[in-house]
Structures are given as C-alpha cells and as structure tokens.
Trainee: 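Pasting a structure below so you can have a look.
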Amino acid sequence: MEATPRVLGPTSRIIPLALAKGTENLCELCRRRAHLQCTQCQVTFYCDAEHHQADWVGIHERICQLLVPIRTPTLFSLQRAGQIEIQLKKAELAEICRLVAQSKLSEGKHQEALPAAQFCLQCSIDVHGPGSVQLVPAVLLLAEANMGLGQLPLVAELLSQAEWAVLQNPECGPAVHHRLHRSLGRLHTETGNLEAALFNFANDIYFASEEYGVDSTVTCSGYFLMADVFAKQGRIPIARSLYSEVAHIWHCHLTRLLKTHLQSIQSPDILLEPSYDTAQRVEVDKMLNTMLELVQNDSKKDLAQIALVAHCLAMLWFLGGDSLKALGFGSTALQASQLIPNHDLTEPIQSLLQLVQGPHTESHPGSD
C-alpha cells in the first residue's frame with residue numbers, strides 16, 4: 001500500500017509571456033531552466049516537481065513568504081536604505097537556514113538538509129561576498145550534508161574551499177578552526193585515511209578547548225570521534241580511555257542540568273533557558289548509546305562504565321520528558337551499580353528513578 005504523499009505548497013507552470021523581456025528563471029536547487037513556480041511566494045522556481053518537493057520539505061515551507069521582499073524589486077530596494085534592509089533580511093534567512101540544516105543533520109536527514117544548507121551558503125555569499133571567511137560555517141554544513149549522502153569528492157572540494165578561506169584569514173578564531181578540522185577528520189575517516197583523521201581530530205580538540213574549554217560538551221565530541229578512529233585501528237585501550245572521558249564530561253554536565261531543573265520546580269518563578277534542543281538530544285543519545293553498546297558487548301564488562309553511561313542516558317531522557325526511556329536506562333544503571341559494593345552512583349540513580357516514577361511524572365516522547 002502506497003504511503004500518503006506529503007502535502008506540498010502549490011506550483012503552477014511558468015507563463016513565458018508573464019516574464020520581463022530577456023528574463024529566464026532558474027531552478028532553486030539545480031540552476032537549470034525552470035518550468036514551475038511556487039504559487040504562494042511567486043518568486044521561487046523549479047525545473048520539475050521533484051525539486052519542488054525536495055526544496056519544500058527541506059526549507060522552502062519555512063521561508064516561503066520571507067523570500068518575497070528580497071526577490072521583489074521596488075523603488076525602495078534600489079535605494080541605499082532598501083539595499084541595507086535586504087542585506088539584513090538575507091542575513092536573517094541565512095541564520096534560519098543554518099539552524100534548520102543543523103537540526104536535520106543531527107537527525108540524520110542529510111537529503112532534507114541539502115536545500116537549507118545550499119540556501120544558507122547562497123545568502124551568506126550575498127551578504128559577505130565570495131571567498132569570505134564568513135562563508136566557512138555554511139560551506140561546512142553543505143559538506144556535512146553531502147558526506148552523509150556519500151558524495152565524498154564534492155565534500156573534499158568544499159572542504160578545500162573552506163580550508164583556503166581560513167588560510168587566507170590568519171585572524172580566524174578557534175571556533176572556525178575547530179569546525180573545519182572536525183569536518184576534515186570526518187572526511188578522512190570516511191576515506192580510510194585514519195592517521196590524517198587523528199591529526200585533524202587532535203586539532204579539532206585543541207581549538208575547541210581554546211574556544212569552549214577542555215571539559216566542554218563541544219570538545220568532548222572531538223574525543224568521541226577520535227576514540228572511534230582508535231577503535232577502527234584496533235587500539236582499544238586508548239579508545240576506552242577516551243570514551244570514559246566523554247562519559248564523565250556528559251555525566252557532570254547532565255548532573256548540573258538536573259540540579260537546575262529540580263531547583264526550577266521548587267522555585268517556579270525562576271526563568272530558565274532551554275539547555276539543549278531536540279537535535280542536540282538526538283546527537284547525544286546516539287553517542288551515548290554507541291558507548292553503552294560497546295561496553296555492554298565487551299568481554300570485560302566494566303560495570304562502573306555501564307552505570308555511568310546508562311545514568312547519563314536516564315538523565316538525558318528525563319530532562320527531555322520521556323519517562324519510559326529514562327526508566328529503562330535508569331534501571332540498567334542501577335543494576336550495574338548495585339553489583340559494585342558502595343558504588344557512589346547508586347544513590348543518585350535511585351533518586352532519579354524515584355523522580356521518574358513520581359506521581360506527577362508523565363511521558364512525553366520527543367518533547368522539548
């Protein structure tokens with residue numbers, strides 16, 4: 001039985017006589033000659049229905065009406081004040097596209113992330129100009145989307161462009177360097193050049209530490225990626241050590257978040273900003289589950305590590321509003337900790353399970 005197709009924004013065929021003389025509209029995704037236009041904004045065009053669908057699902061549904069003022073020439077838009085306003089709107093669009101692309105990438109939706117990443121780069125070029133170092137974050141997003149689709153030659157080309165832009169700007173901050181080296185490390189991991197991957201992940205960790213601190217959750221993602229490479233090389237003791245470091249960093253971070261969460265319940269007047277979004281939770285869940293599976297399948301079962309990682313996952317999902325997952329991981333953590341005499345995590349795990357099973361706790365899978 002065929003799945004019900006997703007409802008998309010309407011399109012209509014372009015009427016050539018309705019276009020200004022000498023105008024040829026190009027497809028939003030592939031830049032080939034367009035035959036369809038979005039009837040909602042009337043300023044976006046596609047070569048066929050397939051590219052319309054891909055763009056709608058990827059980003060256009062979110063920004064359809066925001067495109068109208070920047071793609072509709074007016075007398076004001078030709079004046080300096082109007083041009084400045086359009087540039088500001090394009091910068092806003094670039095940021096929206098960046099957030100959408102990053103969210104989809106964190107969820108593993110690489111195909112859907114492509115339109116958002118492409119338009120983010122396009123807007124960034126319009127705002128900052130070609131070759132600017134400010135384009136690097138958008139280029140890296142596009143590279144990550146294509147890496148997930150196995151387009152490695154294109155990824156290599158994009159990262160080469162990003163690397164050149166960074167080399168041309170020695171005043172680039174550590175945050176840009178960290179993201180560039182992380183992408184290069186992932187590319188080398190995919191192509192099997194593991195020594196080059198380790199070199200880039202080491203640089204990633206160095207620059208992330210400069211920007212965010214040694215114990216930052218951003219930095220520890222570099223530890224995790226490096227551990228994966230060591231595991232591929234069969235250097236298991238080093239991999240285990242790095243996985244342990246990742247688990248301890250996340251355990252400290254989640255413990256702080258849980259404490260803050262409980263304080264906010266006791267003092268409802270305290271306004272708290274969200275600690276992480278759904279996309280981040282998906283990414284962290286994947287990372288911690290990978291480590292838990294590895295340690296559980298290890299012939300030398302490290303009960304302390306099982307308790308630590310499972311407790312992390314229980315806190316993660318309790319804070320995320322999914323009591324069923326929190327209960328499952330919390331039970332795994334408790335079973336492991338109770339096999340270790342006087343283990344220091346037993347009491348915190350029991351306290352968390354009491355919170356999960358409390359009368360006011362409801363399960364909201366996937367809630368923010």
Side-chain angles (χ1 to χ4, degrees), residues 29-31 58-59 94-95 97-212 218-219 221-230 232-233 279 283 287:
L29 295 191
C30 68
R31 313 313 294 167
I59 189 63
E95 179 62 12
C97 291
R98 184 191 69 81
L99 293 172
V100 170
Q102 190 61 66
S103 175
K104 289 181 180 295
L105 288 172
S106 298
E107 297 171 24
K109 298 176 180 177
H110 300 93
Q111 190 69 51
E112 289 187 18
L114 268 180
Q118 286 175 345
F119 195 62
C120 177
L121 179 57
Q122 181 183 326
C123 287
S124 298
I125 292 172
D126 290 345
V127 172
H128 302 291
S132 168
V133 74
Q134 280 88 356
L135 305 184
V136 171
V139 173
L140 296 181
L141 273 180
L142 191 55
E144 188 176 346
N146 280 287
M147 196 179 308
L149 298 171
Q151 304 293 333
L152 299 186
L154 177 56
V155 173
E157 182 182 337
L158 289 167
L159 293 184
S160 178
Q161 293 172 11
E163 197 168 14
W164 176 249
V166 170
L167 287 172
Q168 292 292 101
N169 292 270
E171 293 154 10
C172 244
V176 174
H177 281 280
H178 126 69
R179 289 196 290 268
L180 174 60
H181 282 291
R182 182 163 295 183
S183 295
L184 286 167
R186 282 174 165 158
L187 174 62
H188 289 304
T189 302
E190 289 293 322
T191 56
N193 191 348
L194 300 185
E195 287 302 323
L198 287 175
F199 172 79
N200 279 285
F201 286 141
N203 279 301
D204 160 26
I205 291 166
Y206 170 77
F207 286 113
S209 299
E210 287 281 300
E211 180 72 12
Y212 306 105
V218 176
T219 305
S221 293
Y223 299 147
F224 178 80
L225 292 167
M226 182 175 268
D228 275 352
V229 176
F230 281 123
K232 289 178 189 296
Q233 291 181 326
E283 186 177 4
M287 186 166 58

Trainee: Nearest 0.5 Å please: distance from the CZ atom of R179 over to the CD atom of E144.
Mentor: 11.5 Å

Trainee: Identify the heavy atoms of A101 and L141 that sit nearest to each other, and give their distance.
Mentor: CB-CD1, 4.1 Å

Trainee: If the condition is side-chain contact (heavy atoms from CB on, under 4.5 Å), which residues does L154 pass it with, not counting sequence neighbours?
Mentor: N146, Q151, E157, L158

Trainee: State, to 0.1 Å, how close A116 and C97 come at their nearest heavy-atom pair, and which atoms those are.
Mentor: O-CB, 3.3 Å

Trainee: Tell me the closest heavy-atom pair linking L105 and A145, and the distance in Å.
Mentor: CD2-CA, 3.6 Å

Trainee: Would you list the pairs meeting side chain to side chain donor-acceptor pair (under 3.5 Å) in which at least one residue belongs to residues 127-143, sequence neighbours left out?
Mentor: S132-Q134

Trainee: Going by heavy atoms in the side chains, are N203 and H177 under 4.5 Å from each other?
Mentor: no

Trainee: With sequence neighbours excluded, what pairs up with Y206 under the ring pair (Phe, Tyr, Trp, His ring centres under 6.0 Å) test?
Mentor: none

Trainee: Which heavy atom of T189 sits nearest to which heavy atom of A197, and what is that distance?
Mentor: OG1-CB, 3.4 Å

Trainee: Could you pull out all residues at least two apart from Q168 that satisfy side-chain contact (heavy atoms from CB on, under 4.5 Å)?
Mentor: W164

Trainee: How far apart are the closest heavy atoms of G58 and V100, and which atoms are they?
Mentor: O-CG1, 3.6 Å

Trainee: List the residues meeting ring pair (Phe, Tyr, Trp, His ring centres under 6.0 Å) with F230, not counting sequence neighbours, and say none if there are none.
Mentor: none

Trainee: So, using side-chain hydrogen bond (donor to acceptor under 3.5 Å, both in side chains) as the criterion, who are the partners of D126 when residues are at least two apart?
Mentor: K90

Trainee: For E95, check salt bridge (Lys or Arg N to Asp or Glu O under 4.0 Å) against everything at least two apart and list the hits.
Mentor: R98

Trainee: Using the salt bridge (Lys or Arg N to Asp or Glu O under 4.0 Å) criterion, which residues pair with K109? Sequence neighbours excluded.
Mentor: E107

Trainee: Taking side-chain contact (heavy atoms from CB on, under 4.5 Å) as the test, write out the residues that go with N200, two or more places apart.
Mentor: H181, L184, H188

Trainee: Please report the interatomic distance SG(C123) to CG(L135), rounded to the nearest 0.5 Å.
Mentor: 11.5 Å

Trainee: Taking only residues two or more places apart in sequence, or in another chain, which ones meet E195 in a side-chain hydrogen bond (donor to acceptor under 3.5 Å, both in side chains)?
Mentor: Q233

Trainee: Quick one: does any side-chain atom of S103 pair with a main-chain N or O of L99 as donor and acceptor, under 3.5 Å?
Mentor: no

Trainee: Please determine whether side chain to side chain contact (heavy atoms under 4.5 Å, CB included) holds for the pair L114 and L149, giving the CA-CA distance in whole Å, both sets of side-chain angles, and the decisive distance to 0.1 Å.
Mentor: CA-CA 10 Å; L114 268 180; L149 298 171; 3.4 Å; yes

Trainee: Taking all heavy atoms of R186 and all of F201, pick out the closest pair and write down the distance.
Mentor: N-CZ, 3.5 Å

Trainee: Once rounded to the nearest 0.5 Å, what's the spacing between atom CE of M226 and atom CG of D228?
Mentor: 11.5 Å

Trainee: Check the pair V218, E211 against side chain to side chain contact (heavy atoms under 4.5 Å, CB included), reporting the backbone distance first and the verdict last.
Mentor: CA-CA 10 Å; V218 176; E211 180 72 12; over 6 Å; no

Trainee: Just to verify, what does L187 make a side-chain contact (heavy atoms from CB on, under 4.5 Å) with, not counting sequence neighbours?
Mentor: M147, L152, V155, A156, L159, T191

Trainee: For R182, which residues count as a salt bridge (Lys or Arg N to Asp or Glu O under 4.0 Å) partner, sequence neighbours excluded?
Mentor: D204

